[in-house]
Protein chains: 2
Amino acid sequence: MAEDDRRGDEVLDTLRRHAKRITTAKRAVVGVLVDSRDHLTAEEVTREVQRSWPDVSPSTVYRILEELEDLALVVHSHAGHAAAVYHLAGRSHGHVTCEACHVTFEVPSDVFDLMAHELEASFGFELDRHHVALAGVCAACRTRRRAVP
Amino acid sequence: MAEDDRRGDEVLDTLRRHAKRITTAKRAVVGVLVDSRDHLTAEEVTREVQRSWPDVSPSTVYRILEELEDLALVVHSHAGHAAAVYHLAGRSHGHVTCEACHVTFEVPSDVFDLMAHELEASFGFELDRHHVALAGVCAACRTRRRAVP
DNA sequence: GTCAGTGCAAACGGTTTGCATGTTT
DNA sequence: AAACATGCAAACCGTTTGCACTGAC
């Protein structure tokens with residue numbers, strides 16, 4: 001989709017502007033992130049990249065993800081003990097992860113507003129809405145659980 | 001403190017009631033958890049236990065923590081990519097972890113009430129308040145940050 | 001031609017596991 | 001005596017790193 005191409009080009013331009021070299025591996029990683037509406041683990045990104053470029057190594061993917069994150073183009077978050085998930089930086093949002101199906105969802109940032117305010121007022125704690133995913137059980141799994149108890 | 005002893009005995013009694021054997025290592029792990037007001041990593045528990053019983057191994061500590069957790073006597077939570085922290089199960093509460101000093105704090109469960117309600121109403125998502133720690137910056141580190149910018 | 005970027009393999013930290021031995025019941 | 005719990009060492013997973021080489025500029 002044209003809009004996605006534009007998004008990808010923006011990312012590559014930012015790399016260029018920071019005197020980073022544009023390589024096949026970087027194009028591929030950015031392509032995967034742009035195409036994916038989901039939050040992917042580094043391993044999933046690697047697997048996806050390797051469908052077209054089989055000898056891009058996992059360590060390269062980690063290094064590219066790190067570089068993109070340093071430039072605030074990519075963001076990762078953690079859920080429980082599982083692998084981190086990465087995605088393109090966009091509008092600010094929070095994460096919730098289902099403990100049953102292990103899928104991470106975005107939720108709008110303002111869901112956190114009241115809690116953030118309370119944490120700040122009561123404890124002086126400044127919430128980082130993005131970085132850690134809340135745990136719980138998603139709607140689909142709750143239904144499934146009721147059906148097969 | 002007598003109250004702590006009682007708490008420790010309760011835990012050991014529950015173990016007995018579930019036909020688990022009471023060993024030196026278990027007494028020691030329970031003792032450390034009871035004494036500590038903090039949230040400890042498995043490694044910290046091990047180190048503390050080894051001060052009195054140097055040849056209790058890390059794997060045993062992990063196994064004991066797991067057993068205690070299966071009986072709902074202990075709870076662990078994750079913060080970002082760091083090691084999990086364990087503590088005795090008690091009143092329900094949430095966790096917030098400072099990204100600067102890596103200390104995990106408890107916050108009262110009701111801080112999450114409004115957000116939990118909104119997640120449920122809007123997304124059908126059932127929040128597990130306990131299992132994952134929110135990230136952010138604690139009051140002390142924010143002050144420090146302002147002082148030394 | 002230079003250097004940042006890469007592949008590979010090895011190391012890492014936190015955690016789990018298989019197995020032979022020791023301890024609780 | 002029988003079952004369970006433990007120590008040790010090795011495996012595990014996700015991630016990071018050292019090194020020699022390659023390919024973008």
Side-chain angles (χ1 to χ4, degrees), chain A residues 11-30 39-50 52-71 73-74 76-86 97 102 104 131-133, chain B residues 11-13 15-30 39-47 49-50 52-71 74-86 97 102 104 131-133:
Chain A
V11 171
L12 296 178
D13 281 348
T14 307
L15 284 178
R16 264 184 281 266
R17 232 177 297 124
H18 286 81
K20 303 294 183 186
R21 296 182 179 173
I22 309 301
T23 63
T24 323
K26 289 185 194 177
R27 279 182 206 282
V29 168
V30 171
H39 294 63
L40 304 175
T41 64
E43 198 213 337
E44 288 165 341
V45 174
T46 305
R47 208 169 32 234
E48 211 45 43
V49 165
Q50 289 182 339
S52 315
W53 313 95
D55 38 306
V56 170
S57 70
S59 52
T60 296
V61 171
Y62 276 107
R63 281 190 274 232
I64 293 173
L65 289 171
E66 192 185 354
E67 178 175 302
L68 294 173
E69 196 149 13
D70 286 347
L71 298 175
L73 297 167
V74 156
H76 82 270
S77 68
H78 298 277
H81 190 200
V85 291
Y86 296 79
T97 299
H102 300 105
T104 297
H131 193 225
V132 174
Chain B
V11 171
L12 296 177
D13 280 348
L15 284 177
R16 265 185 280 266
R17 232 178 295 123
H18 285 82
K20 305 293 183 187
R21 295 180 180 176
I22 309 301
T23 64
T24 323
K26 288 185 195 177
R27 279 182 207 282
V29 168
V30 171
H39 294 63
L40 304 175
T41 63
E43 198 212 338
E44 288 165 340
V45 173
T46 306
R47 207 166 35 231
V49 165
Q50 288 182 339
S52 315
W53 313 97
D55 39 304
V56 170
S57 71
S59 52
T60 297
V61 171
Y62 276 106
R63 282 191 273 231
I64 293 173
L65 289 171
E66 192 186 354
E67 178 175 302
L68 293 173
E69 197 150 11
D70 285 346
L71 298 176
V74 157
V75 150
H76 82 271
S77 68
H78 298 277
H81 192 202
V85 290
Y86 296 79
T97 298
H102 300 105
T104 298
H131 193 227
V132 175

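Lettering follows sequence order; numbering is per chain, from 1. Computed from a predicted structure; not experimentally measured.
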How long is the line joining [atom1] of [X] and [atom2] of [N], in whole Å?
| X | N | atom1 | atom2 | answer |
| --- | --- | --- | --- | --- |
| B/Leu15 | D/dA5 | CG | C1' | 12 Å |
| B/His18 | D/dA3 | NE2 | P | 21 Å |
| B/Arg16 | D/dA5 | CZ | P | 14 Å |
| A/Leu12 | D/dA24 | CG | P | 14 Å |
| B/Tyr62 | D/dC12 | OH | P | 18 Å |
| B/Glu43 | C/dT15 | CD | P | 9 Å |
| A/Arg47 | D/dC13 | CZ | P | 14 Å |
| A/Ile22 | C/dG5 | CD1 | P | 9 Å |

With a 3.5 Å cut-off and just heavy-atom distances, do the side chain of B/Arg21 and the base of D/dA3 make a donor-acceptor pair?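 Indeed there is one.
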Using a distance-only criterion (donor-acceptor N/O pair, under 3.5 Å, no hydrogens), is the base of C/dG5 paired with the side chain of A/Arg27?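 Side chain to base: no pair present.
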Position toward the 5' end of DNA chain C (nearest nucleotide), A/Val61 or A/His81: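 Checking each residue's closest nucleotide, the 5'-ward one belongs to A/Val61.
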Which comes earlier along DNA chain C counting from the 5' end, the contact point of B/Lys20 or that of B/Tyr86, where each point is its nearest nucleotide?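 First, find each residue's nearest nucleotide; the 5'-ward one identifies B/Tyr86.
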So does A/Glu67 pair up with A/Arg63, basic N to acidic O under 4.0 Å?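 Answer for the salt bridge query: no.
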What nucleic acid atoms does [X] come within less than 4.0 Å of, heavy atoms only: base, sugar-phosphate, or nothing?
| X | value |
| --- | --- |
| B/Ala84 | sugar-phosphate |
| A/Thr41 | nothing |
| A/Ser57 | base |
| A/Ala25 | sugar-phosphate |

Of the options [options], whose atoms approach the side-chain atoms of [X] most closely?
| X | options | answer |
| --- | --- | --- |
| A/Ala83 | D/dT15, C/dT16, D/dT6 | D/dT15 |
| A/Glu67 | D/dG7, D/dA5, C/dG5 | C/dG5 |
| A/Thr23 | D/dC25, D/dA5, C/dG5 | C/dG5 |
| B/Ile64 | D/dC19, D/dT6, D/dA9 | D/dT6 |

Name all residues meeting the side-chain contact (heavy atoms from CB on, under 4.5 Å) criterion together with B/Thr24; count only those two or more places apart in sequence or in a different chain, and write none if there are none.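 B/Thr24 satisfies side-chain contact (heavy atoms from CB on, under 4.5 Å) with B/Trp53 only.
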Within-4.5 Å side-chain heavy-atom neighbours: B/Arg47 and B/Glu43: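 They are in contact (side-chain heavy atoms under 4.5 Å apart), so the answer is yes.
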Answer yes or no: is there a side-chain heavy-atom contact under 4.5 Å between B/Leu68 and B/Leu15?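 They are in contact (side-chain heavy atoms under 4.5 Å apart), so the answer is yes.
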Distance check: side-chain N/O of A/Thr24 vs OP1/OP2 of D/dG23, anything under 4.0 Å?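 No.
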Under 4.0 angstrom between A/Thr60 side-chain N/O and C/dG7 OP1 or OP2: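 Indeed, a polar side-chain atom of A/Thr60 lies that close.
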Donor-acceptor pair, A/Lys26 side chain versus A/Ile64 backbone, under 3.5 Å?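 Not at all, since once roles are kept as given, no pair shorter than 3.5 Å links the two residues.
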How far apart are the closest heavy atoms of B/Val29 and B/Val61, and which atoms are they?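 Scanning both residues completely, I find the closest heavy atoms to be CG2-CG2, 4.3 Å.
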